[in-house]
Protein chains: 2
Amino acid sequence: MEILRLLRDAKQQFSHQETADPEAFGVCINLIAEKLKLAQPTVSRHIDILKRAGFITVQRYQKWSYCRRDETALSEYRDWLSETLSIG
Amino acid sequence: MEILRLLRDAKQQFSHQETADPEAFGVCINLIAEKLKLAQPTVSRHIDILKRAGFITVQRYQKWSYCRRDETALSEYRDWLSETLSIG
DNA sequence: TATTCATATAGAAGTTTTGCTATATGTCAA
DNA sequence: TTGACATATAGCAAAACTTCTATATGAATA
């Protein structure tokens, strides 16, 4: 949840990322770990879970792994949840 | 999730409840436990969690505790989730 | 009032989750 | 090709979750 929230405001939350535009390319795992004050391997695992769930895409470029939300997948999940619980 | 799904179709899932209309009054914990094939105390705890979360209301009448979804709360949760994650 | 039935609470066991440290792998630059 | 940096994997410990059995409480009836 917190990672998805951070990535929502990537532009403002990670304005100090210099290697690539945080919004267009994504945010690298290091910076996310820093922001969350969690160890890098911990975040690496969470990222992997989010990736396997389809909620983010991870694009490796050079030595960085850029993470970006998959807005379509998130929207579809929201709809699935609504449907499954029949929320009006 | 499964309890909320069961209560969604209370009328059809618990048509054999004779003490009260499952849709209008709610479904008693016993029948939910039976349906889920879980022990009564297990379901009792889940019900308590759902109640504290505000997703269901539990109305005690005589010796039964009738559980009903709170559609407004569920809808609000869906919206909160959408908002929090900024899902378009 | 004693019994029966529905539910709640207590306590314990097994599993899953979440975090860490240590270390391996991948990638680039000197 | 070696060193430095980003990420991944392995292994472990603590905490949380999920379920159970045993038992207590609440409510109605014989």
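This one's a predicted model, so the numbers in the text were calculated from it and none came from an experiment.
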statement: Under a 4.0 Å heavy-atom criterion, DNA chain D is touched by chain A from D/dC5 to D/dG11
statement: Closest non-hydrogen contact found for B/Phe14 with B/Leu31 is CE2-O, 3.6 Å
task: Please answer: with hydrophobic residues joined when any side-chain heavy atoms are less than 4.5 Å apart, are A/Phe25 and A/Ile3 in the same cluster?
output: no
message: In whole Å, I'd like the distance from the OH atom of B/Tyr61 to the C1' atom of C/dT7.
response: 17 Å
- line: Residue pairs meeting side-chain hydrogen bond (donor to acceptor under 3.5 Å, both in side chains), one or both in residues 11-30 of chain A, sequence neighbours left out, come to A/Lys11-A/Asp21, A/Gln13-A/Lys35, A/Thr19-A/Tyr66
task: Let me know the distance between CD of B/Gln62 and P of C/dA6, rounded to the nearest Å.
output: 12 Å
message: Would A/Arg5 and A/Asp9 count as a side-chain contact (heavy atoms from CB on, under 4.5 Å) here? Give the steps.
response: CA-CA 7 Å; A/Arg5 268 205 311 254; A/Asp9 306 322; over 6 Å; no
query: Which residues within residues 3-12 of chain A lie with some heavy atom under 4.0 Å of an atom in DNA chain C?
result: none
Check: residues 81-88 of chain A side-chain donor-acceptor pairs under 3.5 Å, at least two apart:
residue: A/Ser82; atom: OG; partner: B/Arg78; partner atom: NH1; Å: 2.5
residue: A/Thr84; atom: OG1; partner: A/Trp80; partner atom: O; Å: 2.7
residue: A/Thr84; atom: OG1; partner: A/Trp80; partner atom: NE1; Å: 3.3

query: Roughly how far, to the nearest 0.5 Å, is OH of A/Tyr77 from CG of A/Asp70?
result: 15.0 Å
query: When clusters are formed by joining ILVMFWY residues with side-chain heavy atoms under 4.5 Å apart, either directly or through shared neighbours, do B/Trp64 and B/Leu7 land in the same one?
result: no
A/Asp79 and A/Ser75: CA distance, side-chain angles, deciding distance, side-chain contact (heavy atoms from CB on, under 4.5 Å) verdict: CA-CA 6 Å; A/Asp79 293 344; A/Ser75 181; 4.1 Å; yes
Gap between atoms CG and P, on B/Asn30 and C/dT7 respectively (whole Å): 5 Å
Spacing of A/Glu2 atom CD relative to C/dG19 atom P, expressed in whole Å: 9 Å
field: Test side-chain contact (heavy atoms from CB on, under 4.5 Å) applied to B/Leu6 and B/Val27, step by step
entry: CA-CA 10 Å; B/Leu6 279 179; B/Val27 180; over 6 Å; no
When the side chains of residues 46-63 of chain B are checked against the rest of the protein, which donor-acceptor pairs come out under 3.5 Å, sequence neighbours left out?
residue: B/Asp48; atom: OD2; partner: B/Arg52; partner atom: NH1; Å: 2.5

- line: Here the residues of residues 37-47 of chain B within 4.0 Å heavy-atom distance, strictly under, of DNA chain C are B/Gln40, B/Pro41, B/Ser44, B/Arg45
